[in-house]
Amino acid sequence: QVQLVESGGGLVQAGGSLRLSCAASDPNDDTITMGWFRQAPGAGREFVAAATWSGGSVRYADSVRGRFTISSAYTQNTVYLQMNTLKPEDTAVYYCAASRTFLGGQPMEIMSNYHSWGQGTQVTVSS
């Protein structure tokens, strides 16, 4: 099973930017779709963004569309989440997830469609 390691979290002021990275090990895992989810204190985990390695299918949560961008570097087995114009409500632990299924549309938002998860990286946005 693929191992996922997130990095790039930290403390930033509102309006600032951060770029998260997710390095995926085990190229034999046949991962097709990568996703980002987040969990704020006292809240459930929610979908943020997802994309297939090919870039043919991309989806964003309404709350981040236009501010966040998901991208991937297939040869480095790494997926990124560029986060701009950050808001205090973006404060959360951000998790990377991998799926062996080609996902598109609303199924990209369903956590059970992902078989492997990282440990998460904390993002804190101060007002």
Side-chain angles (χ1 to χ4, degrees):
Q1 180 165 301
V2 66
Q3 303 296 314
L4 304 174
V5 179
E6 303 97 335
S7 61
L11 173 64
V12 64
Q13 288 187 331
S17 298
L18 283 174
R19 188 176 81 157
L20 306 183
S21 299
C22 173
S25 67
D26 192 358
N28 294 323
D29 186 75
D30 296 329
T31 298
I32 298 175
T33 304
M34 300 295 292
W36 285 97
F37 292 76
R38 67 186 182 186
Q39 187 165 13
R45 195 170 297 188
E46 66 175 6
F47 171 76
V48 176
T52 54
W53 281 113
S54 67
S57 182
V58 181
R59 189 170 179 91
Y60 295 95
D62 290 342
S63 58
V64 307
R65 188 176 294 110
R67 300 187 298 122
F68 290 11
T69 302
I70 186 171
S71 61
S72 61
Y74 182 73
T75 55
Q76 287 92 44
N77 293 327
T78 301
V79 63
Y80 304 97
L81 185 68
Q82 177 67 42
M83 306 185 295
N84 298 328
T85 320
L86 282 160
K87 305 175 181 180
E89 52 263 43
D90 293 319
T91 295
V93 178
Y94 283 71
Y95 298 91
C96 177
S99 173
R100 296 190 182 98
T101 304
F102 180 91
L103 300 174
Q106 199 273 340
M108 299 179 97
E109 302 181 15
I110 301 173
M111 290 192 295
S112 61
N113 284 334
Y114 297 84
H115 70 282
S116 185
W117 293 79
Q119 293 300 306
T121 185
Q122 176 71 47
V123 171
T124 303
V125 184
S126 63
S127 57

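Quick note: numbers below take in every heavy atom, side chains included, and nothing from hydrogens, waters or symmetry partners.
The aromatic ring centres of Phe68 and Trp36 sit 6.0 Å or more apart.
Among pairs with a residue in residues 34-64, none fulfils disulfide (SG to SG under 2.5 Å), at least two apart in sequence or across chains. For residues 47-85, the set of pairs meeting the disulfide (SG to SG under 2.5 Å) definition, not counting sequence neighbours, is empty. Screening residues 41-80 for disulfide (SG to SG under 2.5 Å) gives no qualifying pairs among residues at least two apart or on separate chains. Legend: disulfide (SG to SG under 2.5 Å) pairs involving residues 61-127, not counting sequence neighbours, sorted by first then second residue: Cys22-Cys96. Counting only residues at least two apart or on different chains, no salt bridge (charged side-chain N to carboxylate O under 4.0 Å, His left out) pair has a member in residues 118-127.
Residues satisfying the side-chain contact (heavy atoms from CB on, under 4.5 Å) test with Gln82, not counting sequence neighbours, are Ser17, Arg19, Thr69, Asn84. Residues meeting the side-chain contact (heavy atoms from CB on, under 4.5 Å) test with Thr101, sequence neighbours left out: Ser99, Leu103. For Gln13, the side-chain contact (heavy atoms from CB on, under 4.5 Å) partners two or more places apart in sequence, or in a different chain, are Ser126. Residues that satisfy the salt bridge (charged side-chain N to carboxylate O under 4.0 Å, His left out) test with Arg45, not counting sequence neighbours, are absent from this structure. Every side-chain hydrogen bond (donor to acceptor under 3.5 Å, both in side chains) that Glu109 has, sequence neighbours left out, goes to Arg59. Shown here are the side-chain contact (heavy atoms from CB on, under 4.5 Å) partners of Val93, two or more places apart in sequence or in another chain: Tyr95, Gln122.
In this structure a side-chain-to-backbone donor-acceptor pair under 3.5 Å is missing from Gln39 to Ala92.
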Please set out all donor-acceptor pairs under 3.5 angstrom arising from side-chain atoms of residues 46-54, sequence neighbours excluded.
from: Glu46; atom 1: OE2; to: Arg38; atom 2: NE; distance (Å): 2.6
from: Glu46; atom 1: OE2; to: Arg38; atom 2: NH2; distance (Å): 3.2
from: Thr52; atom 1: OG1; to: Ser54; atom 2: OG; distance (Å): 3.2
from: Thr52; atom 1: OG1; to: Gly55; atom 2: N; distance (Å): 3.4
from: Thr52; atom 1: OG1; to: Gly56; atom 2: N; distance (Å): 3.2
from: Thr52; atom 1: OG1; to: Ser57; atom 2: N; distance (Å): 3.2
from: Trp53; atom 1: NE1; to: Thr31; atom 2: O; distance (Å): 3.3
from: Ser54; atom 1: OG; to: Gly56; atom 2: N; distance (Å): 3.2

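With hydrophobic clusters built from ILVMFWY side chains whose heavy atoms lie under 4.5 angstrom apart, Met34 shares a cluster with Val58.
Between Asp90 and Lys87, none of the side-chain N atoms (NZ, or NE/NH1/NH2) sits under 4.0 Å from a carboxylate O, so this pair counts as no salt bridge.
Taking both residues in full, the closest heavy atoms of Pro107 and Asn113 are given as O-ND2, 2.8 Å, listed atom of the first, atom of the second, then distance. Ser116 and Leu4 get closest at one heavy-atom pair: O-CD1, 3.4 Å.
Residues Thr33 and Met108 form a side-chain contact, since some pair of their non-hydrogen atoms from C-beta on lies under 4.5 Å apart.
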